[in-house]
Amino acid sequence: MDWADIKEILSFVLFTYGESAITVSQVLQVPLLLLLAWFIVTRIGKLIRRAMLARKVAPDAVHLFSRIYLILAIAIIVVTSLEILNIPLKAFAFVSGAIAIGVGFGAQNIINNFISGWILMWERPIRIGDFLEIGDTKGVVESINTRSTLIRRNDGVHMLVPNSHLLENTVTNWTLIDNIARSTVRVGVAYGSDVEKVAAIIKQTLDDHDEILDGPAPIAIFEDFGDNALIFDGIFWVCASSEADIRRIRSDIRFRLYKQFNDAGIVIAFPQRDLHIDGELKLTGRSPSGSEPNSEDKQGRQS
């Protein structure tokens with residue numbers, strides 16, 4: 001088979017669409033060009049993403065750019081492929097209308113989540129790395145996809161949340177503006193304790209902690225007269241990126257308060273109850289076998 005035969009095979013018309021003839025060479029060119037174009041697009045995307053991360057660009061901004069870049073690249077590749085095949089875009093007008101009708105009836109939730117995902121990436125009310133509280137669940141955002149958002153909970157489990165749920169429901173973003181959060185450590189001391197000394201110890205413990213912010217300054221509050229204790233609250237502000245950091249700081253403060261109270265002779269209260277009995281209380285003794293004690297046992301007890 002010489003070059004003339006190969007050229008004749010490649011120029012063979014497979015089918016005709018309107019006035020455009022689709023040849024074997026065109027059909028073979030499309031997948032090759034698609035693979036080449038996709039390889040180039042992905043390589044350029046990785047290089048741009050790496051350069052943006054090296055310039056300390058926010059991860060959510062890099063993620064948004066990657067999405068827009070990928071969609072534009074796919075659109076250009078599709079249009080170029082149709083131009084090679086000499087197929088006009090108007091040929092897909094009927095198919096597009098049918099798809100739109102099908103989407104309107106059967107894929108409302110998918111489209112809703114898709115649009116919500118783009119709103120989240122564009123308006124950035126929730127960003128990658130933010131610490132969220134959704135109902136009883138708390139976790140860090142790891143990625144915002146077109147349909148759902150990936151959140152890693154405090155227990156390490158990954159949770160997929162539909163994007164529309166994040167826009168239509170109340171979501172607490174602990175790190176939307178900054179990482180500063182307020183926390184409280186509560187302690188109860190026994191009645192009769194020197195309350196001024198207790199407040200001074202709490203205030204000094206908070207002031208000496210390296211991770212507690214100086215402004216707003218920490219304060220110690222005599223909160224209430226409890227049933228079994230005098231209740232004090234130590235209120236402070238910290239810079240933390242997750243709830244685990246706040247819990248660690250609270251634990252450290254409790255360790256220090258426990259030691260300081262022991263050194264100062266201040267008793268940390270615990271629940272107590274006074275039992276008052278009206279009438280006569282009679283105690284009876286029985287032997288281990290359940291029988292009445294003999295006379296020798298009675299005499300021994302009396303002696």
Please determine whether residues Y258 and V187 belong to a single hydrophobic cluster, defined as Ile, Leu, Val, Met, Phe, Trp and Tyr linked transitively by side-chain heavy-atom distances below 4.5 Å. yes
Over 12 foreign heavy atoms within 6.0 Å of CZ, R256: yes
Is the backbone N or O of V140 less than 3.5 Å from a side-chain atom of D130, with the two atoms forming a donor-acceptor pair by type? no
Using every non-hydrogen atom in the two residues, find where P218 and L213 come nearest and quote the distance to one decimal. CD-O, 3.7 Å
Reported CD-to-CD1 distance for the pair E211 and I253, which is rounded to 0.5 angstrom: 9.0 Å
Under 4.5 Å between side-chain heavy atoms, counting indirect links through other Ile/Leu/Val/Met/Phe/Trp/Tyr residues: same cluster for V267 and F225 or not? no
Do any N or O atoms from the side chain of T42 and from the backbone of W38 form a donor-acceptor pair under 3.5 angstrom? yes
If you define the side chain from C-beta out and look only at heavy atoms, does anything of R152 sit under 4.5 Å from V157? no
Is there a side chain to side chain contact (heavy atoms under 4.5 Å, CB included) between K138 and L132? Walk through the geometry before answering. CA-CA 6 Å; K138 298 178 182 178; L132 303 184; over 6 Å; no
Side chain to side chain contact (heavy atoms under 4.5 Å, CB included) for F236 and T184? Distances and angles first, verdict last. CA-CA 6 Å; F236 56 92; T184 303; 5.8 Å; no
Pick out which of L120, I119, I126 makes a side-chain contact (heavy atoms from CB on, under 4.5 Å) with N163. L120
Is there side-chain contact between I44 and I40, with at least one heavy-atom pair below 4.5 Å? yes
Please tell me whether M159 and L150 are part of a single hydrophobic cluster in this structure, the criterion being side-chain heavy atoms less than 4.5 Å apart. no
Could you walk me through whether R153 and T137 pass the side chain to side chain donor-acceptor pair (under 3.5 Å) test, one step at a time? CA-CA 7 Å; R153 299 188 323 198; T137 302; 5.2 Å; no
So if you build clusters from Ile, Leu, Val, Met, Phe, Trp, Tyr with side-chain heavy-atom gaps below 4.5 Å, do I201 and I231 land together? no
Atom pair CG/CD1 of L206 and I212 - distance to nearest 0.5 Å: 4.5 Å
Sub-3.5 Å donor-acceptor pair from the side chain of D208 to the main-chain atoms of T205, do we have one? no
Neighbour count above 12 (heavy atom, 6.0 Å) for F222 CZ: yes
Are I219 and L257 connected, step by step, through hydrophobic side chains (Ile, Leu, Val, Met, Phe, Trp, Tyr) whose heavy atoms are closer than 4.5 Å? no
Can you tell me how far the CZ atom of F261 sits from the OG atom of S193, to the nearest 0.5 Å? 8.5 Å
Residues D252 and R248 bridged, charged N to O under 4.0 Å: no
I would like to know whether I151 and I134 meet side chain to side chain contact (heavy atoms under 4.5 Å, CB included); could you show each step before the answer? CA-CA 10 Å; I151 297 177; I134 309 172; 3.6 Å; yes
Side chain Y191, main chain G226, donor-acceptor under 3.5 Å: yes
Is the CG atom of D214 crowded by more than 12 outside heavy atoms at less than 6.0 Å? no
